[in-house]
Amino acid sequence: MRFEFTAEENDFRRQISEFLDDVLPDNWGGSTYMSDDDSWAMDQQFRNELVKRKWLVMSWPKQYGGSDSSPMMNTIFADEMAYRRAPGLDGFGTRMLGPTLMAFGNEEQRTQHLGAIARGEVQWCQGYSEPNSGSDLASIQTRAVLDGDEFVINGAKIWTTMGHRADMMFMLVRTNPDEPLHAGISLLLVDMKTLGIEVKPIVNMADIHHFNQVIFDDVRVPKANLVGDLNDGWRVGMTILNHERSGIEFAAGARAAIEELIVYINNDDSPVSQAKSDPNIRIKIAELSTEVEAARLLCYDVTWRHGEGLEPSFEASMSKVAGTEIYQKVLDFGLEILGMYGGLIVGSPQAELQGRFLKMRMLSTATTIFSGTNEIQKNIIAQRGLGLPRIRRAAKTT
Amino acid sequence: MRFEFTAEENDFRRQISEFLDDVLPDNWGGSTYMSDDDSWAMDQQFRNELVKRKWLVMSWPKQYGGSDSSPMMNTIFADEMAYRRAPGLDGFGTRMLGPTLMAFGNEEQRTQHLGAIARGEVQWCQGYSEPNSGSDLASIQTRAVLDGDEFVINGAKIWTTMGHRADMMFMLVRTNPDEPLHAGISLLLVDMKTLGIEVKPIVNMADIHHFNQVIFDDVRVPKANLVGDLNDGWRVGMTILNHERSGIEFAAGARAAIEELIVYINNDDSPVSQAKSDPNIRIKIAELSTEVEAARLLCYDVTWRHGEGLEPSFEASMSKVAGTEIYQKVLDFGLEILGMYGGLIVGSPQAELQGRFLKMRMLSTATTIFSGTNEIQKNIIAQRGLGLPRIRRAAKTT
Amino acid sequence: MDFGLTETQELIRNSAREFLADRSDSSVVRAVANGDTEALASLWKDVVELGWPALTIAKEHGGAGLSFSDLAVLLTELGASLAPTPIVESAITSRIIERYGSDALKSDLLPQAAEGDVLITPAILERDVSWEADSATMAATRTNNGLVITGEKRFVSFAEQATHVLTLVRTDGGEPALVVVPIWKSTGVDQTPLEHVSGVPVSSLTFNEVEVSEANIVATGDEAIAATDELVAAGAVARATQLAGLGRAVVEATVDYTANREQFGQAVGSFQAVQHHLAEMAIAAKQVNHLVHSAAWSFSQDGYSVERAAQAKIAASEKISALCWTAHQCHGAIGFTWEHDLHLYTRRALAWKTDYGDSAFHKSKLATSLGL
Amino acid sequence: MDFGLTETQELIRNSAREFLADRSDSSVVRAVANGDTEALASLWKDVVELGWPALTIAKEHGGAGLSFSDLAVLLTELGASLAPTPIVESAITSRIIERYGSDALKSDLLPQAAEGDVLITPAILERDVSWEADSATMAATRTNNGLVITGEKRFVSFAEQATHVLTLVRTDGGEPALVVVPIWKSTGVDQTPLEHVSGVPVSSLTFNEVEVSEANIVATGDEAIAATDELVAAGAVARATQLAGLGRAVVEATVDYTANREQFGQAVGSFQAVQHHLAEMAIAAKQVNHLVHSAAWSFSQDGYSVERAAQAKIAASEKISALCWTAHQCHGAIGFTWEHDLHLYTRRALAWKTDYGDSAFHKSKLATSLGL
């Protein structure tokens, strides 16, 4: 066991930190509360900076433009970026689609897409969820019917993050309606400018437009855009979901928030600075910072397992549950410390900490729901991790 | 709405309190930690006192020796007795079997048993659970086969509280093995001195002998001891479980514990008296006392519903969940306040508060398990109370 | 103990439900949150028509003379509907004036408050957002005619609609005074509207040498502190009562959604994890309901129970906002959208959770009251 | 970061598991809890044979010179088996003497400690049961030869087996001193055995004019406070590490039970409520495991991380005892019996939860360290 980072790792963390000191605006609170064109432009600009430093796809093999960097380095990068709430990352292209194409794509698909992702030139989005298929993904109904050299897609996807900015979508479609749930599904790559695609915005409860509903009306996609085998999309698509998910971004966000709160109440100009000598606040911060560290170690455990070639399936569920729960708790606590100021919205006169904690708390609501609700993650932990059996038949519970 | 007791009710509460002031020893901590003959003798003696005051079966109709007292009076009585941890109550005879015999027993059974219960002359115990039938009572396997004028019982009951003191048992037996779970069950009254009954003690984790396993080996019981119809025992037996259960004893126990702790830390002689000015302790006591009051109001709601002739089925589940959970929390907190002293056992030198909190916490472990685990109570609340549907078939959860 | 409604209370509840279903559905709540002051004014006009501001004002001052317990029945419905209307502000200021004000002040203001001709809202908080009466610092200089006030009060609800504020000042000698300031007629009062999670108007007010006549002083010294404590306690119980109603509404909506939404071939609400979420939410909602009505019952013309008021707000603040977050968890993605109404409840719960003292504030009060 | 065991650590773990399965099953744990001192002595003899007391003592003093991190691997196994043997007491007193004691004291005591010829146990607590070094009041009078001690120390683990205690006194001038008292050779030391939930021997000790030579003083003044703080921190991490092992064992036992116990025609462990209980228990156990090993790693010959030590004990104290109670809930009635071993774990968890500072104590330390 070794509970410290190597000199090289610490050095890399410092580099990222210095880079962010340089390029982030003062008092930067994260792009999370900017859903406008400015924030998109900033995101693009940051992505270019990351490309310049060879960080955007550092985890990829050298042959595809990456640096073959270790899982530990990748998590440190993700940790530091999330800790500073830095924009510019591209989860869909670099972390989800890229590795999947390396594993399942054909030579032509790799040539066509990997370079563009590595250069930060193309924005991908993910077409998985449907209005009636949320947690239960295998029940998707969007159809793709082969017609000559093309698939014809009809249906609707929902919760499509960045759908309104994306150039391309990778999507799950039902290609064999007669097969049981998982078996009739394929993964397709779709140009978002194709005729018949309509993108409708969905504004979230934090008043931000991240999501979209995407309607497919006789959308024709070349057969060559099929990734992997026909009707093998479930396996291909789930690989995307499982790839290198350490969950560090939640622990990092929680760490950032709690440190910000400590600085804030230690500032005598803060109207709630009396909190710093309130024993209950002291105790609560100690408690939360312990939980944050506990969640953070779970993430690095997942990363370590990944580096050792061990399968981190239920461990990733653990880090997701722990990270998202503590992230919400820390934000709740921030609102508690802010007292009445916690009720002020970004942009309000007299707002403290720019009203960001309220906005972040609203946004964090999704973290325990998306990518598999925490309830489902706990099922996974119990069944895959602990080996507990599934229900055999209808339970008579009362 | 009226959130106060009537003058008559307050007066009655005062009477009980004065009675207990008179008869309870100083520093009385409850008979819960006395499993010896002395404590049994004290229990008997107290029961006689309750009979003298006409309190033991006050809720019963006058014709059976009761006072037809209101559910509110009954709950006040139970509240005050539990608050003072007074012995002498007889849950099995007065609160469970008595009302059941009034509803389902025949004239002979009533004549034979009700008077003896009312006079505190007979100790009953309950034979429901079996080694393989805990939460799932309907699966009991203890057989009773009719042979002439007698049932012949074979099998085993477990968790039989007071089994080693009891004169009589009311028990569920399977009289028709071919019927599905609930339908083949009957309720029998059994004299514990009958040949073939063996009572084996089970010591609980607090090192107290309350429970027993009771083995039945060709035990012959007169047919006349069947209560209600043959194979209708599930309905009869469940009535027993549902009768007038307000759950007030948990809220009362929690109230007693928290008040004891406040007095204790306010005493400057207490080695942990610094706790009284610890803001975290102050806050925690305020929090717990709020929860205790919240649980207590749920119990009085159940009682009020009962008095109004409304069905308090899921409300009783709510009061059970809330009461038992807060009772455990208050005891946990007591151990926390006591610090290292919390680890001392009853009778140890240097024990504080007689080591009672540790013992009580151990004993309280059972409260969230017995009489339907809190998990099952929550199912009842969701399904019967809120009308949520049951699972239709095997769930595919991952 | 009687957990049932009286006839009067049933009447209040039924008429409130009927009215609010019609006049305060989510479109009205959203309109007011978007700054539609006409929608707010129109709702207030109807509410006055129904006599709600008059409910607890004594008959001799033109009110209906009902109890705080009766008011609580109305407040649960206002909470359940998120109705954006200043009944709490009106009711608690009327109570304090009735209990502590001079006969002249009562005769002047209460009949007008009952008629909705004046609206008096509390202005207690300053920059340090403490609900502790002792911490008020806004300066008032004594003159022959009364007081001249200079300073700032923050987080004043419905200040834009109010004709008066009931505010706490500290005079030259350090003595506190609780005073009614007719802001509609005063010069030197400036408003800064805040953007607030509650979705109702909240402002900060600056007072620049604002003159207030002697007659407008409600109480001074220890009595001013006691009156302010009571104002805060009444506000706390009122907000807690609205939270109780809000919680009930969220439980109902979540039961409804999960009983019908299907995943994995099952109603989501048939999964044990979801059932247990909802069972716990239902317990919390019922507990808060009982605690707030118990607290409201304790408010009589002779005073109130400090313990019950604190317990009501502690439980309501903690349990109802937590319940809203669990409701989001049960709703999944749909509850995360702006379009779905669930976040309107969550936002209001966040606002009310802190208003008139958060749980930490009331726990400290309660601990003192318990002898610690 | 490396979450895997080194070869040495694997060796420690495997040999500890094998030994403890054989020599510290629940019958031994129960025997010692029932006062069987021979069982305890016999286990200690074997443990000495295995070289466990020598593990972290420097090679120059006859130890194995391994790290606290290596010791932690052993401690998880000791925790999982509830082994009633004073390795923690021995290891942390050796560390403090090695870090703070004079060369003479080290040469005298450490080789004997490594061989198991002496057993030194900490005696820190007094009547107010505070782990804060500053609060020690036991009086020591300076003489030409050393100190004369009079007073009481409470809750001393394995005092009946110990040859020495490491204790904190306050000299005439008010200066604290950390001192080794050879209780086996001293007159004036009385023991009061306590009946303790841990199931291992715990006593209170009274000192009546007990003479201690100058050579036995480990540290004085600020250094005595620092050494005591370190002793408590090391004890806290050691107990937390035992708790981590205990938690793992309880999770395994509960999985095993619920996967096999059937009710309603199902394995109890197939119900979602039980699965979620266990998932949360497993997360907690893993988190505590990582936090304790991270804290243990920070203990080097140069010092330790105050934050990590506090975090380890906070998490272990809160999560592992809670996990035990949830295990009871999952076990149902059978886990409530004396006969079932589960309560042995619960009792030990309760004892270790408080030993060397409960979570409130360490939260306060951590808050200070975080700049609050």
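In the text below, chain A, chain B and the rest are named by the order of the sequence lines, each starting its count at 1.
Contact tally against chain B (heavy-atom pairs below 4.5 Å) for D/H277, D/E126, D/K353, D/R261: the top residue is D/R261. For the options D/E339, D/R154, D/H343, heavy-atom pairs under 4.5 Å to chain B are most numerous at D/R154. Annotation: maximal heavy-atom pairing with chain D below 4.5 Å, among B/V203, B/N204, B/I202, B/T365, occurs at B/N204. The residue among D/S204, D/A273, D/S130, D/S321 with the most heavy atom pairs within less than 4.5 Å of chain B is D/S204. Chain B forms more heavy-atom pairs under 4.5 Å with one residue of D/V268, D/V129, D/I334 than with any other, namely D/V129. Across B/L344, B/V272, B/N374, the residue that shares the most heavy-atom pairs under 4.5 angstrom with chain D is B/L344. Ranked by heavy-atom pairs shorter than 4.5 Å toward chain B, the options D/H196, D/Q329, D/H328 are led by D/Q329.
Annotation: the span from B/E130 atom CD to B/K157 atom NZ amounts to 3.5 Å, rounded to 0.5 Å. The distance from atom CH2 of D/W352 to atom CG of D/L243, rounded to the nearest 0.5 Å, is 6.5 Å. To the nearest 0.5 angstrom, D/Y356 atom OH is 8.5 Å from B/M340 atom CE.
Heavy atoms closer than 4.5 Å to chain B are found in the side chain of D/D358, but not in its backbone. Residue B/A351: no heavy atom, backbone or side chain, is found under 4.5 Å from chain D. With a 4.5 Å cut-off on non-hydrogen atoms, B/S273 does not touch chain D at all. Looking at B/D332, only its side chain comes within 4.5 Å of chain D, counting heavy atoms on both sides. With a threshold of 4.5 angstrom between heavy atoms, B/Q328 does not approach chain D through any atom at all. Heavy atoms closer than 4.5 Å to chain B are found in the side chain of D/T192, but not in its backbone. Interface residue D/L194: backbone and side-chain heavy atoms are both found under 4.5 Å from chain B. For B/S129, no part sits under 4.5 Å from any heavy atom of chain D, backbone or side chain. Within the 4.5 angstrom heavy-atom criterion, atoms from both the backbone and the side chain of B/Y341 approach chain D. Only the side chain of D/L125 comes within contact range of chain B, with heavy atoms under 4.5 Å apart.
Nearest heavy-atom pair, D/R348 versus D/S198, reported as atom, atom and distance to 0.1 Å: NE-O, 2.7 Å. Annotation for B/Q350 and D/E152: closest pair NE2-OE2, 2.7 Å, computed over non-hydrogen atoms.
Using a distance-only test at 3.5 Å, with no hydrogens or angles considered, no donor-acceptor pair links the side chain of D/K313 to the main chain of D/F361. Here the side chain of D/S270 pairs a donor or acceptor atom with the backbone of D/A267 at under 3.5 angstrom.
Ring planes of D/H331 and D/Y257: parallel class, angle under 30° (limits at 30 and 60°).
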Working note: B/F333 + B/F357, criterion ring pair (Phe, Tyr, Trp, His ring centres under 6.0 Å); need CA distance, chi angles, decisive distance, verdict.
CA-CA 10 Å; B/F333 176 64; B/F357 272 74; 9.5 Å; no
Evaluate the salt bridge (charged side-chain N to carboxylate O under 4.0 Å, His left out) criterion for residues D/K363 and D/E318: first the C-alpha distance (whole Å), next the side-chain angles of each, then the deciding distance (0.1 Å), finally the verdict.
CA-CA 11 Å; D/K363 282 177 190 169; D/E318 295 194 347; 2.7 Å; yes
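With respect to D/R30 and D/D341, a salt bridge is recorded, a charged nitrogen being found less than 4.0 Å from a carboxylate O.
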